[in-house]
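Okay, so here's the structure we're looking at.
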Amino acid sequence: MHLDVQDLRNFYYRSALGRAAQSSMRRRVFEFWPEAKGQTVAGFGFAVPLLRPFLADARRVIALMPGPQGVMPWPPDGTNVSVLTEETLWPIETGHVDKLIILHGLETSERAFDLLEEAWRVLGPGGKALFIVPNRAGLWSRRDRTPFGFGRPYSASQLETQLRKHQFLPERHLGALYQFPSTKRVWMKSGAMFEKVGRTMPGMIAGGAFMVEASKLVYPPKGKVKPVQAKRQKIPQGVPAPIAGGV
């Protein structure tokens with residue numbers, strides 16, 4: 001079940017913990033993709049906190065927000081790029097996206113299979129997708145005061161297995177959200193230190209969320225291809241069977 005867009009906006013833009021989470025994930029996204037000049041960048045779910053750095057140089061930025069979640073205009077200080085869409089039917093032509101970020105979209109979807117199929121469809125050849133999900137072993141997935149406490153948390157192997165089934169090739173992964181998911185002053189003040197130390201540790205263990213970058217595989221073709229077997233031709237009645245021999 002998708003979270004409400006108002007709750008997501010309040011967390012990321014009106015709470016100190018949400019702004020810290022936004023900063024942590026944005027820093028990690030920059031390590032994956034430092035630029036997107038002339039490219040089409042799309043986000044699904046509630047990816048707008050991570051899309052802002054691409055507004056300056058990307059050819060086009062699209063923020064896709066699923067119907068059950070709701071939509072809000074974004075960015076508030078520029079031309080709106082957000083659109084309300086069906087969860088598994090995006091208003092984007094096939095193969096037109098160069099970079100795709102999915103945040104608060106996969107773990108809360110009741111149609112994850114179809115969602116990954118749609119993500120595969122819109123990516124162009126060589127396109128990259130960044131899937132951000134709650135870490136099953138992290139602290140953030142155990143606190144329902146943040147958006148990462150809702151939906152299905154993943155382990156690294158679970159997500160990568162699911163991506164491979166939909167012809168995505170996992171290439172890199174990083175952790176994020178190393179600070180404690182608490183608004184208490186002592187934890188908020190030490191948040192920067194935890195983030196700095198956490199980035200030197202295995203992300204799949206320490207991070208409250210992890211990010212997996214995957215590329216689109218075009219070949220072999222999707223689905224199973226049945227081998228074509230030659231049918232034995234029947235000889236019509238009254239016609240003698242061919243006899244092997246020299247000419």
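Reckoned from all heavy atoms, side chains included, excluding hydrogens, waters and symmetry mates.
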Indicate yes or no for a side-chain donor-acceptor contact from [X] to the backbone of [Y] under 3.5 Å, with no hydrogens or angles considered.
X	Y	result
Ser24	Ala20	no
Ser141	Pro153	no
Arg172	Phe32	yes
Trp140	Phe180	no
Ser215	Gly126	no
Arg28	Gly175	yes

Compute whether any side-chain donor of one residue and acceptor of the other, for [X] and [Y], lie under 3.5 angstrom apart.
X	Y	answer
Arg19	Gln22	no
His96	Thr40	no
Glu118	Thr88	no
Glu87	Ser109	yes
Gln162	Tyr154	yes
Arg121	Thr94	yes

Start with the C-alpha distance between His104 and Phe44, add both sets of side-chain angles, then the distance that settles ring-ring contact (aromatic ring centres under 6.0 Å, His included), and finish with yes or no.
-> CA-CA 8 Å; His104 301 309; Phe44 176 80; over 10 Å; no
[atom1] of [X]: more than 12 outside heavy atoms within 6.0 angstrom?
X	atom1	result
Tyr13	OH	yes
Arg136	CZ	no
Glu171	CD	yes
Glu86	CD	no

Do [X] and [Y] have side chains that get closer than 4.5 Å, going by heavy atoms?
X	Y	value
Thr146	Phe11	yes
Val212	Phe168	no
Asp114	Leu89	no
Phe131	Ile102	yes
Arg59	Gln39	no

Taking the six-membered ring of Trp120, is NZ or CZ of Lys216 closer than 6.0 Å to its centre and within 45° of its axis?
->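 Here Lys216 passes the 6.0 Å and 45° test against Trp120.
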Reported CD-to-OG1 distance for the pair Gln69 and Thr108, which is rounded to 0.5 angstrom =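 Nearest 0.5 Å value for the CD-OG1 distance: 7.5 Å.
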Residue list, ring pair (Phe, Tyr, Trp, His ring centres under 6.0 Å) with Trp74, at least two apart or on another chain |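 Once residues adjacent in sequence are excluded, Trp74 has no partner under the ring pair (Phe, Tyr, Trp, His ring centres under 6.0 Å) criterion.
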Identify, with sequence neighbours excluded, every residue that meets ring pair (Phe, Tyr, Trp, His ring centres under 6.0 Å) alongside Phe113.
->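 Result, ring pair (Phe, Tyr, Trp, His ring centres under 6.0 Å) vs Phe113: His166.
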Hey, are Asp7 and Arg14 close enough for a salt bridge, meaning a charged N less than 4.0 Å from a carboxylate O?
->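 So Asp7 does not pair with Arg14 through a salt bridge.
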Residues Arg152 and Glu107 bridged, charged N to O under 4.0 Å |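 Result for this pair is no, no salt bridge flagged.
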Would the His2 and Phe150 ring centres measure less than 6.0 Å apart?
->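 Ring centroids of His2 and Phe150 are no less than 6.0 Å from each other.
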